[in-house]
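Reviewing the structure listed below.
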Amino acid sequence: MYWLMKSEPDEVSIDDVLTMPDRSVEWFGVRNYQARNFMRDQMQVGDGVLFYHSGCAEPGVAGLAEVSRTALPDETQFDAASPYHDPKATRDNPRWFCVRVRALQKTPLLPLSIMRKVPLLQEMRLLARGNRLSITPVTVDEWSCIKTLLQAS
DNA sequence: GCCAACGTTGGC
DNA sequence: GCCAACGTTGGC
């Protein structure tokens, strides 16, 4: 399957991940049940990932990545010092899970503003009115379209 | 900084 | 189970 995963570049950018060991990072900090369920129940090793920068001056797809490990409990939920701490989570009954994501390459930025204008992308979950999900599925057609756009730029 | 949209919480 | 209040997301 294919996914789009949002990250704030001030927190973890595509450049950051490319400098990490194995060029990969735990996708910690997701605290939304729908996004959690995608990671826990559906994401498989090898799934394609559009690495999206959000909450920044120019939001958009900034790189290509892949799922490199299926979901495990998100350690930050147990860490009282973490902003992602969840007092209701226990080791025996974890609430939050995260996959590991390996960056493959940085790409020229494909801005959200451009994606909104591409006819083939109009049905993207990302573009749906009021969408706030930080992880959204991407269809095969959308994936192909975006890869073409990235190569063209 | 604003604010629309949505998710979660908690009283009832 | 309802729903008002509140908090968060995230583009602009």
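Heavy atoms only: backbone and side chains are in, while hydrogens, waters and symmetry mates are out. Residue numbers start from 1 in every chain, and the chains themselves are labelled A, B, ... in the order their sequence lines are given, proteins ahead of strands.
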What's the CG-C1' distance between A/Asn131 and B/dG7, to the nearest Å? 13 Å

Residues within residues 106-117 of chain A bordering DNA chain C, heavy-atom distance below 4.0 Å: A/Leu112, A/Arg116

Using atom CG of A/Leu127 as one end and atom C1' of C/dC12 as the other, report the distance to the nearest whole Å. 15 Å

Answer yes or no: is there an ion pair linking A/Arg125 with A/Glu142, defined by an N-O contact shorter than 4.0 Å? no

CE of A/Met124 to CG of A/Leu112: how many Å apart, nearest 0.5 Å? 9.5 Å

Between the base of C/dT8 and the side chain of A/Arg132, is there a donor and acceptor pair under 3.5 angstrom? yes

Take atom CG of A/Leu133 and atom P of C/dG10, then tell me their distance rounded to the nearest Å. 9 Å

Does A/Asn32 or A/Lys88 map to a spot on DNA chain B nearer the 5' end, using the closest nucleotide for each? A/Asn32

Can you spot which of A/Ile146, A/Val49, A/Leu133, A/Val61 makes a side-chain contact (heavy atoms from CB on, under 4.5 Å) with A/Leu4? A/Val61

Tell me what A/Gln34 touches on the nucleic acid: a base, only sugar-phosphate, or nothing, going by heavy atoms under 4.0 Å. sugar-phosphate

C/dT9, OP1 or OP2 - any side-chain N/O from A/Tyr52 closer than 4.0 Å? no

For A/Arg31, report the nucleic acid contact type (base, sugar-phosphate, nothing); a contact means any heavy atom under 4.0 Å. nothing

Closest to the side chain of A/Lys6, out of C/dG10, B/dG7, C/dG11, is C/dG10

Any side-chain donor paired with an acceptor under 3.5 Å for A/Tyr33 and A/Arg95? yes

Less than 4.0 Å between a side-chain N and a carboxylate O, is that true for A/Asp86 and A/Arg31? no

To the nearest angstrom, how far is A/Arg36 atom CZ from B/dG7 atom P? 15 Å

Side chains of A/Thr90 and A/Asn93: is there a donor and an acceptor less than 3.5 Å apart? no

In whole Å, what is the span from the CD atom of A/Glu58 to the C1' atom of C/dG10? 15 Å

In B/S/- notation, 5' to 3', how is nucleotides 1-6 of chain C contacted by protein heavy atoms closer than 4.0 Å? ------

Run the ring-centre check on A/Phe38 versus A/Trp27 and record whether the distance is less than 6.0 Å. no

Do side-chain atoms of A/His53 reach the backbone of A/Gly63 as a donor and acceptor pair under 3.5 angstrom? no

Is there a donor in the side chain of A/Arg100 and an acceptor in the side chain of A/Ser68, or the other way round, less than 3.5 Å apart? no

Between CD of A/Glu8 and C1' of C/dG11 the distance, given in whole Å, is 12 Å

Expressed as a whole number of angstroms, how long is the span from A/Arg129:CZ to C/dT9:C1'? 16 Å

Can you tell me how far P of C/dG10 sits from CE of A/Met5, to the nearest Å? 13 Å

